[in-house]
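We're numbering straight along the sequence, starting at 1. Just follow the structure's listing: the first ligand is 1, and inside any ligand the first atom is 1.
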Amino acid sequence: MFASTYEMTRTEKRFIGLHLWVAITALAIGTLFGPLQAFEHAGVDLYSYLQPVLQSYYQGLTLHGVLNALIWTTFFITGFLTLTTIKGLERPLKYPTLNKVGFWMMVVGLLTAAVPILLNQATVLYTFYAPLQATWTFYLGLTLVVVGSWVEGWGMYFTYYAWRKENPGVRTPFITFAGLITMVLWQFATLGVAAEILTMLLPATLGLTSGFDPELARTYFWFTGHPLVYFWLLPAYLSWYGMLPKQAGGKLFSDSLARLAFWLFLLLSVPVGFHHQFVDPGIAQTWKAIHAVLTFAVFFPSLMTLFTVVASLEYAGRRRGGKGLLGWVRKLPWDDPSVTAQLLAGILFMFGGIGGLTNASFEVNAVIHNTTWVPGHFHLTVASAVTLSFMGITYWLVPYLTGRKLWNPRFAVIQAWLWFAGMLIFSNAMHMLGLLGAPRRTPLGVAVYVPDEWKGHLFRVGVGGAILLVAAYMFIWTMIKTIRNKERVAAGEVEVPIAESIRDPQETPAWLDSWKPWLAGTVALILAAYGPQIYLMVRDMQLTSPGFKIW
Ligand code: HEM
Ligand SMILES: [Cu+2]
């Protein structure tokens, strides 16, 4: 049975803590713009007060997307995976300097990209679609963030390799296993934007080439863009499968199912990117159809996750004396903010998953494409399933790393509920507006075509946004108060929660802990699903579109 006995050193805790520090600071700034946008939709325009710091709605939206979706997530995740590597394998990093180099590359990259955004020279939103053109330092900064995270990932692989040599035949501890798959997925995924930036965006912005090929650029982008969402989600899943059961007083229901789900996510999350390009000309219907089918295939590991996580929680609830069909739900430790946040994140995610099926369906997608439905959807996923779970994780992680008690756990429980309530209102209103045809990425408050039937929903966007603002800053406040808390955690009081599985993981079939077949399958599927199309696009590439700076 597995329980990590490895005591992390202060240096290791500090190193992980630094990741969190950057991540939470990014979230604190990034979320500020969300409510601004929501209020704008509701008819309260605060942007005029922000001049000259903020030039436009779009500059704010760029900050919102980049800081929340790219920076908060990537820094949190690399820090968290460092922890799951060390704690799972019960050994220090093999080359800690390598990981430090990676981290500081990410920081330098972040600063490099932040300057042009703040100077309004990179108001290209977090998707930086060509032919919108930012200053080259923006692309360089993003590249450094990505490469830095790769370097940190390599540090994790070396550590794993050293462990494996000493422990042949032993099943990789689940949290490490899940963390490594997340990192591998990320490294496959980011090949798309790496190609986009290095072969097209940087050369064009440096004046070496004549311009952009927007269709190819979008294809590269979505090669990364879809698996990106799994890079965000898998660490939350890691926690739901591998940690939450322990926090709830139970066990992981099935180690084998959990591992199979992670492999399937690795296998299936890259070769589906065309579902973001259903309306793009220049990609044959057949390929769109293949990607659509593969997208539905991802529903399978998602349902496995739902089943396994709920079964693990039910096991916990019944052990705590829960009776009847749903009585176990009430017995879960709802007074623990870390548990509550993650449970509520999971509930919001179910709605997100249902909406995701809509997005993935070729015809129905046409109804909601580029409407507010889409941000409505991903505020349930990345901004809730992921973000609220990560908040829940920090409620034990920050005390663990700093040795200071979580400040006011009840306040934190309310924080999670407020996020939940605010998000229900906000995302429902955004979905409804989308069905009525309201465009996303548009300051609707100044749009002249707003029909009366949108108005009530726009108002609810504002109300949800206000509640979310309160919830976001309750989280930030809790963090500030915690890292300055005079009350210390007693020895052994806060541990990394690592769930045992009901059956000994050693009984899990070896093929579920073996990299080669799965990596080979992943490469093969990517080549099959993307190879022919990218080959044609590169062969016929036309760098004819000049860059635009329309802001
Ligand atoms: C305080 C809570 C939040 C509120 C009220 C909020 C509100 C909004 C609104 C109204 C939009 C749509 C803007 C438009 O289409 O014109 C938006 C876009 C977006 N939000 Fe949030 N948001 C919040 C938190 C978050 C979080 C935590 C994340 C991610 C972790 C996130 C990620 C995004 C992204 C990626 C976009 C799309 C940007 C784009 O289209 O370029 N948001 N948000
Ligand atoms: Cu997608």
Next on the checklist: Restricting to non-hydrogen atoms, name the atom on Q187 and the atom on W150 that form the minimum distance, rounded to 0.1 Å.
Outcome noted: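 Minimum heavy-atom separation between Q187 and W150: NE2-O, 3.2 Å.
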Next on the checklist: With rounding to 10 degrees, what does the angle H226:ND1 / the Cu ion (ligand 2) / H276:NE2 come to?
Outcome noted: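 That angle is 140°.
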Checklist entry - Do we see a donor-acceptor contact under 3.5 Å between the side chains of T305 and W240? => result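 Result is no, nothing qualifies.
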Item to check | Donor-acceptor pair between Q247 and Y395 side chains, under 3.5 angstrom | outcome: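 No donor-acceptor contact under 3.5 Å links the two side chains.
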Next on the checklist: Other residues, nucleotides and ligands only: do more than 12 of their heavy atoms fall within 6.0 Å of OH on Y129?
Outcome noted: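 Counting other residues, nucleotides and ligands, OH of Y129 exceeds 12 neighbours.
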Report every pair formed by an N or O atom of ligand 1 and a protein N or O atom separated by less than 3.5 Å, giving atom names and the distance to 0.1 Å.
unit_1: ligand 1; atom_1: 15 (O); unit_2: R441; atom_2: N; d: 2.6
unit_1: ligand 1; atom_1: 16 (O); unit_2: Y57; atom_2: OH; d: 2.5
unit_1: ligand 1; atom_1: 16 (O); unit_2: R441; atom_2: N; d: 3.2
unit_1: ligand 1; atom_1: 16 (O); unit_2: T442; atom_2: N; d: 3.3
unit_1: ligand 1; atom_1: 20 (N); unit_2: H64; atom_2: NE2; d: 2.7
unit_1: ligand 1; atom_1: 20 (N); unit_2: H379; atom_2: NE2; d: 2.9
unit_1: ligand 1; atom_1: 22 (N); unit_2: H64; atom_2: NE2; d: 2.9
unit_1: ligand 1; atom_1: 22 (N); unit_2: H379; atom_2: NE2; d: 2.8
unit_1: ligand 1; atom_1: 40 (O); unit_2: R440; atom_2: NH2; d: 3.0
unit_1: ligand 1; atom_1: 40 (O); unit_2: R441; atom_2: NE; d: 2.7
unit_1: ligand 1; atom_1: 41 (O); unit_2: R441; atom_2: NE; d: 3.1
unit_1: ligand 1; atom_1: 41 (O); unit_2: R441; atom_2: NH2; d: 2.9
unit_1: ligand 1; atom_1: 42 (N); unit_2: H64; atom_2: NE2; d: 2.8
unit_1: ligand 1; atom_1: 42 (N); unit_2: H379; atom_2: NE2; d: 2.9
unit_1: ligand 1; atom_1: 43 (N); unit_2: Q37; atom_2: NE2; d: 3.4
unit_1: ligand 1; atom_1: 43 (N); unit_2: H64; atom_2: NE2; d: 2.9
unit_1: ligand 1; atom_1: 43 (N); unit_2: H379; atom_2: NE2; d: 2.8

Item to check | Ring geometry between F138 and F128 (parallel below 30°, tilted from 30 to 60°, perpendicular above 60°) | outcome: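 It falls in the perpendicular class, over 60°.
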Item to check | Plane angle bin for W72 and F76 - parallel if under 30°, tilted between 30 and 60°, otherwise perpendicular | outcome: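 F76 vs W72 ring planes: tilted.
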